Amino acid sequence: MTAVAQQATVDGKDPGQAAISPAPILELGLAFWGSKTLLSAIELGLFTTLAGGPRTRDELAAAHALHPRSAHDFLDALVALGVLERDGDAYANTAATNRYLDRGKPSYIGGMLEMANARLYPFWGGLTEALHTGTPQNEAREGGSFFDELYADPDRLRQFLHAMTGLSAGASNAIADRFPFERYETVLDVGCAEGGLLVTLARTHPHLRGIGFDLPVARGPFEEYVRSFGLDERIVFADGDFFADPLPRADVVTLGHILHDWDLEQKRHLLTQAYDALPEGGAVIVFESIIDDDRRENAFGLLMSLNMLIETAGGFDYTGPDCEGWMRAAGFSETYVQHLVGPDSMVVGIK
């Protein structure tokens, strides 16, 4: 031991501890500060306002009814968080927020964040109780079904369906680019929400025809969204309950952010339903935030699984090999996992 190390030990200080900082722990523990600041900016429509061009602090304060005490720190905090730019007293969107947080653009992903602000933010306050009880902390906390509660409220349903479009946008583009759709003619999207995936596929592959399958109350938002892209002759809606009704037949069946909502038995049932809807050589594509095999890197996927604890009675996220095993048990002869974008991957099964 060196004299310096001996002295440090005598002084009660371990020199190996000098490089360890509490800052990352504090930043993680207080990360909700930045999260809620962004979510409030989205709620206010701030990024949509700035899509029209830079605005001064006073102009933004007037447009969004910001109190004089709050405006300066709020806007500059958004600059420091990297979601706004500032030149003098003029604020502007960044390239990313201009593309993804302007409600007037089809690339808008804020629907998911709007839902996070309105629903998930308060519900996650019940995480500790959920860890003890294993029970949902959302609208169904008193024993009902999250989806029954959600689909019974038209406003919340529309918000949820739009959120799913934003959540799946990046993965939808990647699937359109990476899966060999030239080999297939028809695609069935199970739990289709607004139809965001099918719209992306149809715009990328002009030969494809799509079917969206969801509960009857989703028909209106689905047909409205599809019609806004002029694709209503190529993409149609079929209503039904995927636990009670057979799925329409198609060459490819997609399940995006669906399997994780359900318990293991229900997951297996849905994959069997998909298998039965496909011809020989057909494919099922399951995509969501697939957890890495070692369960130590994809924090988003693991946190999404905790979100399923908050939101559902038995849902959970899973690894690629988990899903491949369920697919093989359902009868699929070939399976593979492919990364898409960010935390999302797809698991493909070939019949």
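Every heavy atom of this structure was used, including side-chain atoms; hydrogens, water molecules and symmetry mates were not. A quick note: this is a predicted structure, and the numbers were derived from the prediction, not measured.
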ask   = So, does Q137 use its side chain to make a donor-acceptor pair with the main chain of T135 at under 3.5 Å?
value = yes

request  = Ignoring hydrogens and angles, tell me if any N or O in the side chain of R178 forms a donor-acceptor pair with the backbone of H339 under 3.5 Å.
outcome  = yes

Smallest separation among heavy atoms of G349 and T335, with atom names = CA-CG2, 4.2 Å

Closest heavy-atom pair and its distance - H207, Y184 = NE2-O, 2.9 Å

ask   = Going through the distances and angles, do D293 and T319 end up as a side chain to side chain donor-acceptor pair (under 3.5 Å)?
value = CA-CA 6 Å; D293 296 357; T319 68; 4.9 Å; no

Closest heavy-atom pair and its distance - R268, A329 = NH1-CB, 3.7 Å

ask   = Under a 4.5 Å cut-off applied to non-hydrogen side-chain atoms, are Y108 and H162 in contact?
value = yes

inquiry  = Whether the side chain of N298 engages the backbone of I290 through a donor-acceptor N/O pair (distance < 3.5 Å, no angle test) should be reported.
reply    = yes

Backbone of L113 reached by a side-chain donor or acceptor of N117 within 3.5 Å = no

query = So, the side chain of S35 versus the backbone of A31: is there a donor-acceptor pair under 3.5 Å, distance only?
reply = no

ask   = side-chain contact (heavy atoms from CB on, under 4.5 Å) between E43 and E114: does it pass, once the steps are laid out?
value = CA-CA 6 Å; E43 179 184 4; E114 289 176 18; over 6 Å; no

query = Below 4.5 Å, heavy atoms only, C-beta onward: do E265 and H269 meet side chain to side chain?
reply = no

message = If I compare all heavy atoms of D344 with all of A171, which pair ends up nearest, and what's the gap?
response = OD2-CB, 3.7 Å

query = Are side-chain N/O atoms of E182 and H205 paired as donor and acceptor at under 3.5 Å?
reply = no

inquiry  = Running the 4.5 Å side-chain criterion over Ile, Leu, Val, Met, Phe, Trp and Tyr, what cluster does L302 land in, apart from itself?
reply    = I291

inquiry  = For Y318, is there any backbone N or O sitting under 3.5 Å from a side-chain donor or acceptor partner on E288?
reply    = no

key: F332, CZ: over 12 other non-hydrogen atoms inside 6.0 angstrom   = yes

key: Any donor-acceptor pair under 3.5 Å from D251 side chain to E185 backbone   = yes

note = The residue among H64, E59, R55 that forms side chain to side chain donor-acceptor pair (under 3.5 Å) with T49 is H64

query = Does any N or O in the side chain of T312 come within less than 3.5 Å of the main-chain N or O of M308, such that one atom is a donor and the other an acceptor?
reply = yes

request  = Indicate yes or no for a side-chain donor-acceptor contact from D232 to the backbone of V226 under 3.5 Å, with no hydrogens or angles considered.
outcome  = no

key: Worked verdict on F243 versus W262 for ring-ring contact (aromatic ring centres under 6.0 Å, His included)   = CA-CA 11 Å; F243 287 122; W262 309 103; 4.8 Å; yes

remark   = R234 and L208 have their tightest heavy-atom pair at NH2-O, 2.9 Å

key: Sidechain-backbone polar pair: N173 side chain, A169 backbone, donor-acceptor under 3.5 Å   = yes

Pairs touching residues 83-99 that satisfy salt bridge (Lys or Arg N to Asp or Glu O under 4.0 Å), sequence neighbours left out = R57-D89, D76-R86

